Amino acid sequence: MSGAPARTLLLWCPDWPVLAAEIVDGVPATDPVAVLHANRVVACSERARAEGVRRGLRRREAQGRCPQLTVVDHDPARDARAFEPVVAAVEEVVAGVEVIRPGACALAARGPSRYLGGEEAAAERIVEHVAQTCAVESQVGIADGVFAAGLAARDGRIVAPGGTPEFLAGLPVEALGRPTLTDLLRRLGVRTLGDFAALPAGDVLARFGFDGALAHRLAAGRDHRPLAVRQPPADLTVTADHDEPIDRVDAAAFAARTLAEQLHERLAAHGLACTRLGIEAVTAHGQELHRVWRHDGLLTAAAIADRVRWQLDGWLSGSNGRGGVRPARPTAGIIRLRLVPDGVLAQAGLQPGLWGETGEERERAHRALSRVQGILGPEAVVTAVLGGGRSPADQVRLVPWGDERLPARPGPPTLPTAGPPSAAAAPERAVSTRSRAAVPVPPWPGRIPPPAPAVVLPTPLPAAVHDAAGEPVVVSARLAVSAAPARLTVGTGRPAEITGWVGPWPVDERWWAPAEARRRARFQVCLADGAALLLAVEGGQWLVEAIYD
C-alpha cells in the first residue's frame, strides 16, 4: 500500500464500560466501580483508580485495595446499547461515522474541519454536542490514521498533519494493545513504538509473523485501513396525531387507510417491504396499546390498511370489562396512531411459493382468520407445526396463525399448504398428524414407525390388556412380553379382541433428570372391529395414546 493515511477524527469516552453500567443499570460512576471479565478488571472508575485499582488486577486483589469497590460484570451488549445514543448525537453534527468499539467512534476529519472552520473547531463542536445531548464526557483526537487518532484522543490532542510518526515514536510498545507481542518486545529490549518502527520490515515479518508486521506498520504511522462508515438507519415509522379522539370504527378505518399508504410509500421509496407490522395507539387518557401482526408474504398497502383497521376495530369494539370475553375497550378515544415496520427486507428478498404467488382463496381465508385474531387475540387461531420427537404428541406444536412456524424439536420441515389448515382448533382438541407419514425425518431412537396415527389424544385413556387366558399382559424391564395380547378394555368399556399387534418400542427419556425421566414401551394393535390404536405401558399402566384410520 502507498500514500499517507487519511486524517481521522476519533471520539473517545473514558471508562465507557463503567459509564454504560450507570446509564443502563444505575450503578453510580462517581463511586469506586470496577468492571470484571474472566475475574480480572477490564475497566474502573476514577475513584477506584485513586484507591489503587488497575486494569488486569484479579477481583480479590482489587477488592483488597478498595474494600468498598462495586463490582459489575462485563456486558458488551450493554456497552453497545448505551453507546448508540452517543453515535446518533455525533451523526447529528457530521456524517460517515464508524463505531470502533463501544466508547469510541471515528470519522474522516476533512469534511467536518472544512465545514466547521478547522479541526479544533470541529472537535470542540462534537464534544460539546455530545455533552449537551447525552450528558456524556468525551475527548477527541485527530491524527493520520485510526490507530494514531485513538492514542491522541487519550490526551485530547490534535497531531499536526505529517507529525504522526514523531508522535507515535515516544509512546511505549504497550500502546499496540497486543500483550503477547509487547512482552516479547520488552524482553528483546524494544520499549517504544519508535524502536519497534526502526526495525526492518522483512525481519519483523520473519520473526513475529503477519500480526507482528501489521503492528509494525501501525507503530510507524502507516495505518491505511479505510473507515467502514455506518449508514444511519432510515426512519420508516409513520405517526398520525388526531385532535379529535377516534372512538368510531368508520373513523378508524379512514385513518388506517391513510397511514397505511404513507407507510407503504415510505418503504417503497427505499426499495423495502415488511413482513411484520407493529401497531401502536395512545388514547386521550394516556393508555398505550400495542400489537404486532405477522404475515407469510410481503405486506402491501391494502394488507397494511386491513390489519390496522382490524386491530382498531378490535380495540374500539372490545368489551366494557364486565364479563365480556373480548379485551376491555379503551376508556377514551385514540389520539395517536403509529405504525412500526418490522421484518424489513428488500422487495426482491422474499421468494414466491413453488406454484407461484398466494392464491385468492388462501388470502381470503388469511384475512378472515387475521380479523378474528384482531378481535379475540392472537391465541384464538392456532395451527399445527410438525417437528421431531419420539411420540406423536411431541411432534406437534400449536402456534398462533401468522407466527413463525418453528418446530419445538428438530424434525421434518413444515410443508407449504394451498390454504390455511382446517384444524384451527383450540389447544385442547385432538390434532391431526396424518401428513407426517410421508415426510422424511431425522432419526429419533424409539420413534414409532409409519404409518402415523390420524388422531392424537390430548389426554391418554387408561386401558387394560389381557392375554388369551385372561391374565394381564406385563412388559418386563428387559422388554419381554409375558404373553401375546388378546383382549383390550378401554376405560369402563367392553373388551375388544386384538387381531394383530407389533412392538414394543422402548423409550427411556431424560434419565439424567430424575424429576423429568420417563420410561415406557409402546405397541401398535389392530382390533376385530377394524380399529387400530397406539398403546403405551408405563409404570405397569396401559394407556391409549392415539388412533389410526
Side-chain angles (χ1 to χ4, degrees), residues 10-84 86 99-105 134-141 146-157 168-196 208-209 211-212 214-215 218-219:
L10 188 141
L11 180 134
W12 172 64
C13 299
D15 306 326
W16 182 253
V18 176
L19 192 57
E22 180 182 52
I23 295 173
V24 177
D25 299 331
V27 180
T30 54
D31 294 346
V33 180
V35 179
L36 269 69
H37 178 63
N39 204 39
R40 290 188 179 273
V41 177
V42 295
C44 57
S45 64
E46 185 176 354
R47 280 194 58 187
R49 284 193 295 271
E51 298 289 337
V53 179
R54 295 291 184 271
R55 294 181 58 183
L57 291 181
R58 292 187 178 274
R59 175 176 185 151
R60 180 172 297 181
E61 185 177 357
Q63 290 177 329
R65 295 186 180 186
C66 181
Q68 67 273 25
L69 184 68
T70 300
V71 175
V72 179
D73 290 333
H74 179 52
D75 186 353
R78 176 189 63 209
D79 298 348
R81 185 167 61 253
F83 192 57
E84 177 61 25
V86 177
V99 178
I100 306 299
R101 62 182 180 279
C105 59
C134 306
V136 171
E137 294 184 2
S138 60
Q139 299 178 188
V140 165
V146 177
F147 174 70
L151 296 177
R154 304 281 174 165
D155 299 324
R157 180 174 175 179
L168 295 175
L171 298 179
V173 290
E174 284 77 9
L176 292 170
R178 292 167 166 81
T180 303
L181 177 62
T182 297
D183 180 68
L184 182 55
L185 291 176
R186 281 282 182 180
R187 287 189 280 115
L188 293 175
V190 179
R191 303 185 179 277
T192 65
L193 295 183
D195 297 338
F196 187 37
F208 302 107
D211 185 68
L214 291 179
L218 296 178

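Remember, it's a predicted structure, so these values are computed and weren't measured experimentally. Reckoned from all heavy atoms, side chains included, excluding hydrogens, waters and symmetry mates.
- Looking at every heavy atom in both residues, Ala215 comes nearest to Leu176 through O-CD2, 3.7 Å.
- Nearest approach of Gly56 to Arg40, heavy atoms of both residues: O-NH1, 2.7 Å.
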Result block: side-chain N/O donor-acceptor pairs under 3.5 angstrom for residues 13-31, not counting sequence neighbours:
| from | atom 1 | to | atom 2 | distance (Å) |
| --- | --- | --- | --- | --- |
| Asp15 | OD1 | Arg49 | NH1 | 2.9 |
| Asp15 | OD2 | Arg49 | NH1 | 3.3 |
| Asp15 | OD2 | Arg49 | NH2 | 3.0 |
| Trp16 | NE1 | Asp79 | O | 3.1 |
| Glu22 | OE2 | Ala29 | N | 3.2 |
| Asp25 | OD2 | Arg78 | NH1 | 3.2 |

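- For the pair Leu11 and Ser138, the tightest heavy-atom approach, listed with the atom from each and the gap, is CD1-OG, 3.6 Å.
- Pairs engaging residues 175-192 under the side-chain hydrogen bond (donor to acceptor under 3.5 Å, both in side chains) rule: Glu174-Arg186, Arg178-Asp211, Asp183-Arg187, Thr192-Asp195 [sequence neighbours left out].
- Between Arg54 atom CZ and Cys44 atom SG the span is 7.0 Å, to the nearest 0.5 Å.
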Begin with the C-alpha distance, continue with both residues' side-chain angles, and end with the deciding distance and a verdict on side-chain contact (heavy atoms from CB on, under 4.5 Å) for Leu185 and Phe208.
CA-CA 10 Å; Leu185 291 176; Phe208 302 107; 3.7 Å; yes
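- Annotation: the span from Leu214 atom CG to Phe147 atom CZ amounts to 12.0 Å, rounded to 0.5 Å.
- Closest approach of Ala48 and Val33 over heavy atoms only: CB-O, 3.7 Å.
- Here CG of Leu193 is found 7.5 Å from CG of Leu151. Values are rounded to the nearest 0.5 Å.
- The side-chain hydrogen bond (donor to acceptor under 3.5 Å, both in side chains) contacts involving residues 57-75 comprise Glu61-Arg65, where partners must be two or more places apart or lie in separate chains.
- In terms of heavy-atom proximity, Arg101 sits nearest to Phe83 at O-CE2, 3.9 Å.
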